[in-house]
Each structure stands twice: as C-alpha cells, then as structure tokens.
J.: 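Let me give you the structure first, and then I'll get to my questions.
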Amino acid sequence: MVSVAVLGTGLMGLPMARNLVRAGLRVTVWNRTLDKARPLEADGATVAGSPAEAVEGADVIVTMLSDGDAVHEAVTAAAPGLRAGQVWAQISTVGVAAVGRLAALAGRHGLTFVDAPVQGTKQPAEQGKLVILAAGPEPARQVLEPVFCAVGQRTLWLSGDGADGAGTRLKMATVSVGISMTAVVAEALALAKGLGLDPGLVRQVISGGPMDSPYFQAKSKAILEGDFTPSFSVRNAEKDTRLIVEAGESAGVRLDVVAASGERFRRAEAQGHGDEDMAATYFASS
C-alpha cells in the first residue's frame with residue numbers, strides 16, 4: 001500500500017486527501033490550521049501535528065498550499081521527517097519563478113521532485129476529476145500512478161524533469177482561461193444591469209449558442225442567484241493573476257486581459273469578497 005502525506009487540506013487539499021483514502025491509500029494529513037484537517041479522521045486519514053510528523057515514513061509527499069512561500073516553508077519544516085528517495089508531488093499553483101527554488105529544496109533532501117499542478121476547482125477535486133499537468137522522471141511516475149488516479153481523470157506527462165517547470169508553465173496558460181472567462185461573464189452581466197436590463201437576459205441569449213459552455217452556465221448562475229460559495233476564491237484568483245502576468249513578462253508576452261482581471265479581483269477583495277468564489281468579481285463593476 002502506498003503511503004501518502006498531504007500537506008495542505010484547504011478547499012482543494014481536503015477533498016483530494018479524502019479521495020486518496022477512498023482509493024485505499026494510507027494517508028496522513030497536515031494543515032497549518034489543524035481544525036481544517038480534523039474532518040478527514042472520520043474518513044480514515046491520520047492527522048499529524050506537524051509537517052515532519054506527516055511525512056515520516058511516507059512514500060509520496062503531496063503539497064497543496066496557497067503559494068510557493070507556503071510550500072517552501074512547509075517542506076522545510078518537514079525536514080526532520082524526510083528521507084532520501086521520497087517522491088514529492090508539488091501540485092500547488094506556485095508560479096514559474098518558484099519552481100526552481102522548490103526543486104533545489106528537494107535536491108538538498110534527496111527527494112524526487114515532480115512538478116504537477118492540477119487544473120480544476122473544488123467540484124472536480126471532490127469528484128476526482130482534476131487534470132494533472134506533470135513533469136518528472138519515469139520511476140516517480142510509477143509510484144505516483146495510484147495517487148494521480150485517485151484525484152484526477154487524466155495526467156499529462158510533459159517532461160522528464162520536474163525542475164524545468166513544464167507543468168507549472170502549462171498551468172499558467174490554462175488557468176488564465178478560467179480567470180479571464182470569469183471576468184468577462186461578470187462584466188457582461190454587470191453591464192446589462194447597468195443599462196437597465198435584467199442581466200438574466202444575457203444568459204438567455206448565450207445559452208445554446210456558440211458562446212455557451214458549462215463554465216459560462218456555472219458562473220452566470222452563481223452571479224444571478226447571488227451564490228458565491230467558493231469553488232475557487234477571489235483571493236486565490238488574484239494571486240494567480242499575478243503569477244500569470246509574471247510568467248508572461250519572463251517570456252516577453254503581454255497579458256493585458258489577465259492583468260485587467262487582476263485589477264478586478266483586487267477591487268472585489270477590497271470590498272470584502274476575498275473568500276467568496278471568484279465570480280464575485282462581478283462586484284468590481286460597481
């Protein structure tokens with residue numbers, strides 16, 4: 001039985017850890033706020049009091065934390081429990097610049113580093129239908145197969161070296177789609193309302209046509225019904241816009257739409273919507 005240590009049991013990490021347990025893997029979890037990890041005890045996971053306790057004896061370490069600094073801090077704190085040869089699947093969205101620093105940390109502890117951010121939000125995480133964008137050596141792929149099968153519907157292996165950040169580079173491109181689409185949907189509904197129309201009419205026009213999509217339906221429904229239960233929060237979306245723009249700048253690519261979306265998320269966060277679903281960018285139009 002593969003044993004897995006999951007560091008980070010927030011909006012995404014908790015359902016992923018739950019699916020790992022349900023797949024029959026031995027799972028130990030840690031979260032900075034331990035109360036967020038406690039529900040997993042009922043599923044059969046072990047809750048550790050520290051990162052070092054969580055990773056001790058694990059075959060695979062999975063990090064699902066807010067950003068590169070949080071990941072680096074957690075794995076550094078785990079050092080007393082680490083052993084050479086463990087596979088570290090770094091699945092958080094940390095940005096291109098952070099990958100080299102994390103790969104170097106893995107090297108200092110003899111860990112096999114796999115860059116594997118996931119594409120998807122809370123619902124796909126709960127359903128085990130994430131898409132994993134992975135880069136890492138062949139031996140690690142075999143170890144990770146039951147882990148990735150438990151949390152994702154498919155895995156794209158992009159490179160044999162996690163340190164080159166191929167997974168993270170692709171994540172920057174793919175997450176920009178969802179972020180930009182959310183801002184566009186929110187603006188369109190806000191514009192209709194501002195022009196004295198029922199914003200639901202926008203949804204009626206788009207539905208069933210070439211611009212329709214499950215994503216449009218989900219975000220427009222959330223806005224029209226005022227249900228901003230987080231699937232992916234405004235705060236995390238704003239963080240990702242900064243990482244995407246930084247990635248673009250490093251490649252000489254201008255990303256005007258994502259940059260503008262970031263401004264909207266910052267306004268929504270300043271209005272008190274940071275912990276709500278990123279569809280709350282709707283309020284940035286006021």
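The shown structure was predicted, so the numbers you read here are calculated from the model rather than taken from an experiment. Residues: numbered from 1 along the sequence shown.
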J.: Any chance the side chains of Trp88 and Thr63 put a donor and an acceptor closer than 3.5 Å?
T.: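 Their side chains do contain a donor-acceptor pair, which is all the 3.5 Å distance test asks for.
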
J.: Side chains of Gln90 and Ser92: do they bring a donor and an acceptor to under 3.5 Å?
T.: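 Note: Gln90 and Ser92 side chains meet the donor-acceptor criterion.
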
J.: With side-chain contact (heavy atoms from CB on, under 4.5 Å) as the test, pick out the partner of Val202 among Asp198, Ile206, Val205.
T.: Ile206

J.: Which value, rounded to the nearest 0.5 Å, describes the distance between Leu82 atom CG and Arg108 atom CZ?
T.: 11.5 Å

J.: Indicate whether any N or O donor in one side chain lies under 3.5 Å from an N or O acceptor in the other, for Thr33 and Asp35.
T.: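 Result is no, nothing qualifies.
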
J.: Heavy atoms, side chains only, cut-off 4.5 Å: are Arg267 and Glu263 in contact?
T.: yes

J.: Looking only at side chains, do Lys171 and Thr93 share a donor and an acceptor under 3.5 Å apart?
T.: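 A donor-acceptor contact under 3.5 Å links the two side chains.
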
J.: Keeping Thr241 on the side-chain end and Glu238 on the backbone end, is there a donor-acceptor pair under 3.5 Å?
T.: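 Here the side-chain-to-backbone pair exists.
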
J.: Can you measure from CG (Leu133) to OG1 (Thr174) and round to the nearest 0.5 angstrom?
T.: 5.5 Å

J.: Just grab all the side chain to side chain donor-acceptor pair (under 3.5 Å) pairs involving residues 77-86, residues at least two apart or on different chains.
T.: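 Checked against side chain to side chain donor-acceptor pair (under 3.5 Å) - neighbours excluded - no pair reaches residues 77-86.
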
J.: Around atom NZ of Lys239, are there more than 12 heavy atoms from other residues, nucleotides or ligands closer than 6.0 Å?
T.: yes

J.: Are Phe283 and Phe265, when compared by the centres of their aromatic rings, separated by less than 6.0 Å?
T.: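 No.
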
J.: Does CD belonging to Glu187 count more than 12 external heavy atoms closer than 6.0 Å?
T.: yes

J.: If every non-hydrogen atom of Phe113 is compared with every non-hydrogen atom of Gly162, which pair is closest and at what distance?
T.: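 In this case the closest contact between Phe113 and Gly162 is CE2-O, 3.6 Å.
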
J.: Taking Ala45's backbone N and O only, do any of them form a donor-acceptor pair with Asp43's side chain (distance below 3.5 Å, no angle check)?
T.: no

J.: Say whether, by atom type as modelled, one donor and one acceptor occur between the side chain of Ser207 and the main chain of Gln204 under 3.5 angstrom.
T.: no

J.: Please report the closest heavy-atom contact between Leu7 and Ile61, naming both atoms and the distance.
T.: CD1-CG2, 4.2 Å

J.: Do Met172 and Leu158 share a hydrophobic cluster (ILVMFWY, side-chain heavy atoms under 4.5 Å, transitive)?
T.: no

J.: Asp161: what forms a side chain to side chain contact (heavy atoms under 4.5 Å, CB included) with it, not counting sequence neighbours?
T.: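 For Asp161, the residues satisfying side chain to side chain contact (heavy atoms under 4.5 Å, CB included) (neighbours in sequence not counted) are Ser159, Ala163, Asp164.
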
J.: Roughly how far, to the nearest 0.5 Å, is the OG1 atom of Thr76 from the CG atom of Leu102?
T.: 9.0 Å

J.: State whether the side chain of Glu53 and the backbone N or O of Gly49 hold a donor-acceptor pair below 3.5 Å, judged by distance alone.
T.: yes

J.: Measure the OG1-CZ distance between Thr9 and Arg38 for me, rounded to the nearest 0.5 Å.
T.: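 Going from OG1 on Thr9 over to CZ on Arg38, the span is 10.5 Å.
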
J.: Report the residue from Val245, Asp67, Val175, Val258 that forms a side-chain contact (heavy atoms from CB on, under 4.5 Å) with Asp240.
T.: Val175

J.: Could you give all pairs that pass the side chain to side chain donor-acceptor pair (under 3.5 Å) test and reach residues 269-286, with sequence neighbours left out?
T.: Lys219-Asp277, Arg235-Glu269, Arg235-Asp275, Arg264-Thr281, Arg264-Ser285, His273-Glu276

J.: Please check if Leu144 and Leu156 belong to a single hydrophobic cluster, counting links between Ile, Leu, Val, Met, Phe, Trp and Tyr side chain heavy atoms closer than 4.5 Å.
T.: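 They do not share one cluster, since no chain of ILVMFWY contacts under 4.5 Å joins Leu144 to Leu156.
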
J.: Specify the closest pair of heavy atoms between Asn19 and Glu126, including all atoms of both residues, with the distance to one decimal.
T.: ND2-O, 3.4 Å

J.: Looking just at side-chain N and O atoms, do Asp115 and Thr168 make a donor-acceptor pair shorter than 3.5 Å?
T.: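 Their side chains do contain a donor-acceptor pair, which is all the 3.5 Å distance test asks for.
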
J.: Taking Asn31 for its side chain and Ala37 for its backbone only, find out whether a donor-acceptor pair lies under 3.5 Å.
T.: no

J.: Just by distance, do the side chain of Ser233 and the backbone of Pro230 share a donor-acceptor pair under 3.5 Å?
T.: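 Such a contact is absent between Ser233 side chain and Pro230 backbone.
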
J.: If only atom types and distance count, is the side chain of Ser3 paired as donor or acceptor with the main-chain N or O of Asp59 below 3.5 Å?
T.: yes

J.: Is the number of heavy atoms from other residues, nucleotides or ligands within 6.0 Å of CZ (Arg266) greater than 12?
T.: yes

J.: CG/Leu11 to OG/Ser66 distance, rounded to the nearest 0.5 angstrom?
T.: 12.5 Å

J.: Is it true that the side chains of Thr46 and Thr28 contain a donor and an acceptor less than 3.5 Å apart?
T.: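 No, no side-chain donor-acceptor pair sits under 3.5 Å.
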
J.: Determine the sole option in Gln119, Gln153, Met16 for which the side-chain contact (heavy atoms from CB on, under 4.5 Å) test with Leu130 is passed.
T.: Met16

J.: Write down the atom of Trp157, the atom of Gly136, and the distance for their closest heavy-atom approach.
T.: CZ3-N, 3.7 Å

J.: Identify the heavy atoms of Pro146 and Val2 that sit nearest to each other, and give their distance.
T.: CG-CG2, 3.9 Å

J.: Output the distance between atom CD1 (Ile91) and atom CE (Met64), rounded to the nearest 0.5 Å.
T.: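 So the gap between those two atoms works out to 5.0 Å.
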
J.: State, to 0.1 Å, how close Ser220 and Arg203 come at their nearest heavy-atom pair, and which atoms those are.
T.: OG-NE, 2.9 Å

